[in-house]
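Basis for what follows: all heavy atoms, side chains included, without hydrogens, waters or symmetry-related copies.
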Amino acid sequence: MEISVTRDIFRLAQVFTISRGSRTEAQVLTVRVQDGGATGWGECVPYARYGETLDSVAAQIAGLPGAVTRETLPDLLPAGAARNAVDCALWDLEAKRRGCRVWELAGLPAPGPEITAYTLSLDSPDAMQAQAAKHAHRPLLKIKLGTPDDMPRLEAVRRGAPDSRIIVDANEGWSADIYADLAPHLARLGVALVEQPLPAGDDDALIGMDRPVPVCADESCHDRASLPALAGKYDMVNIKLDKTGGLTEALSLRDAARAGGYGIMVGCMVGSSLAMAPATLVAQGAAVTDLDGPLLLAEDRENALIFDAAGVHPPEAALWG
């Protein structure tokens, strides 16, 4: 079995900004696992927030033995981007060898479309209102916030899209005081949930605080080992394959989180349809799906995922799985 990794760049449709900075392109790693006449592939997005770079993740993948399997992979790589791309490639490879779909291998029901959020990047209130108005036909909008001056932005988005459900992602950008001040207004403006309002290292401050809107752990939740520390702080968890280390752990985290009473959100980094494809399986029945990465791109993979009024559709076999 041969494992190869390449770097790919996808231009974004417009500048994408969160509280940590801006970007004009998505830089990803594409992994191919070849065995005989079959090739499986997967994609990951190394994330600096977790100490990952394109070089470091590529080196992790290059260091794997050729005989790696989905069962042995967790012993060889930690949860993160490198393990994600390889795990998803191994699922794809096995499905191709057996002539079936990944959800059949995993014992899952055939997936269907799920309504996905569309993300509005952080900008001035006027610009965010214009973005919201342009996408007011979408049933679910996600707003990137995370500054001390977010209230005018939130009000502006609600004016621009009065009928859309709204979720807010603070990307660890608020303090406990800012969150406490904003929380009643989040409820007043009909926000459905707020992601990671406080830095992961400071989120003990959420214990005992009022949560008029469900609070979702993102940076504070990577895999099943994260769950014990979330008690009393969060109502939901955001499952991203680049955090869990692939589809295998993502499905296990989903089951464990549900058993622990948490609502499920399935999210993504900014990547192509190949990165979203496995996540569509995890998103089945989730309270919130946020797999809009391809919608933010100016270019995508061949056989890209279909997005329509029904939501994001599961992949065709020509793409993945």
Side-chain angles (χ1 to χ4, degrees), residues 12-20 22-24 26 113-174 178-179 181-197 211-216 218 235-236 238 240 263-270 276 279-280 283 286-298 300 305-313:
L12 301 187
Q14 62 186 39
V15 177
F16 185 74
T17 301
I18 67 172
S19 59
R20 297 191 187 100
S22 300
R23 69 179 76 176
T24 58
E114 292 282 339
I115 293 294
T116 181
Y118 180 85
T119 303
L120 306 181
S121 102
L122 183 66
D123 209 324
S124 68
D126 287 347
M128 292 186 75
Q129 182 171 339
Q131 286 186 64
K134 180 179 178 181
H135 296 283
H137 64 284
R138 299 184 186 275
L140 180 60
L141 295 177
K142 176 173 171 174
I143 316 171
K144 289 290 189 179
L145 297 178
T147 78
D149 304 310
D150 281 335
M151 195 63 223
R153 294 184 172 97
L154 183 55
E155 297 269 14
V157 168
R158 179 47 85 198
R159 286 194 300 270
D163 298 323
S164 299
R165 287 179 70 213
I166 292 176
I167 57 179
V168 166
D169 185 2
N171 280 119
E172 304 180 279
W174 294 338
I178 291 172
Y179 167 67
D181 287 342
L182 285 176
H185 298 289
L186 299 176
R188 173 176 63 83
L189 292 167
V191 172
L193 70 84
V194 57
E195 282 185 73
Q196 200 68 43
R211 298 200 295 271
V213 168
V215 178
C216 182
D218 184 358
D235 308 291
M236 301 179 64
N238 188 347
K240 294 178 180 175
I264 303 300
M265 176 178 182
V266 177
C268 64
M269 307 303 185
V270 182
M276 308 302 123
T280 63
V288 175
T289 296
D290 178 25
L291 297 178
D292 64 342
L295 296 178
L296 305 177
L297 302 179
D300 198 358
L305 292 178
I306 294 171
F307 292 81
D308 60 21
V312 54
H313 290 251

Residue that, paired with Leu186, satisfies side chain to side chain contact (heavy atoms under 4.5 Å, CB included) out of Val215, Leu193, Val191: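 It is Val191, the one option of Val215, Leu193, Val191 that forms the side chain to side chain contact (heavy atoms under 4.5 Å, CB included) with Leu186.
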Residue that, paired with Arg153, satisfies side chain to side chain contact (heavy atoms under 4.5 Å, CB included) out of Thr147, Ile143, Asp123: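 Passing option: Thr147.
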Close side-chain approach of [X] to [Y], heavy-atom, < 4.5 Å:
X      : Y      : answer
Asp181 : Met151 : no
Leu141 : His135 : yes
Val288 : Leu140 : yes
His185 : Asp150 : no
Arg165 : Ile115 : no
Thr280 : Glu114 : no
Ile166 : Leu189 : no

Closest heavy-atom contact between [X] and [Y]?
X      : Y      : answer
Ile167 : Ala117 : CD1-CB, 4.1 Å
Pro294 : Asp300 : CB-OD2, 3.5 Å
Val15  : Ser22  : CG1-CB, 3.9 Å
Gly293 : Cys268 : N-SG, 3.9 Å
Gly190 : Arg158 : O-NH2, 3.7 Å
Ala310 : His313 : CB-NE2, 4.1 Å

Side-chain H-bond candidate by donor/acceptor type, Thr116 with Asp292, under 3.5 Å: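 Side chains of Thr116 and Asp292: no pair found under 3.5 Å.
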How many angstroms lie between atom [atom1] of [X] and atom [atom2] of [Y], to the nearest 0.5 angstrom?
X      : Y      : atom1 : atom2 : result
Thr119 : Asp169 : OG1   : CG    : 8.0 Å
Thr24  : Gln14  : OG1   : CD    : 12.0 Å
Met265 : Met236 : CE    : CE    : 7.0 Å
Leu296 : Leu120 : CG    : CG    : 9.5 Å
His137 : Tyr118 : NE2   : OH    : 9.0 Å
Asp218 : Glu172 : CG    : CD    : 8.0 Å

Met128 vs Arg159, side-chain contact (heavy atoms from CB on, under 4.5 Å): CA-CA, chis, key distance, verdict: CA-CA 10 Å; Met128 292 186 75; Arg159 286 194 300 270; over 6 Å; no
Derivation and outcome, side-chain contact (heavy atoms from CB on, under 4.5 Å), residues Arg211 and Asp235: CA-CA 9 Å; Arg211 298 200 295 271; Asp235 308 291; 3.0 Å; yes
Verdict with supporting geometry, Asn238 and Val266, side-chain contact (heavy atoms from CB on, under 4.5 Å): CA-CA 5 Å; Asn238 188 347; Val266 177; 5.5 Å; no
Main-chain N/O of Arg138 paired to Ser164 side chain as donor or acceptor, under 3.5 Å: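 Between the backbone of Arg138 and the side chain of Ser164 there is a qualifying donor-acceptor contact (under 3.5 Å).
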Pairing of Glu195 and Lys144 as salt bridge, 4.0 angstrom limit: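 Result for this pair is no, no salt bridge flagged.
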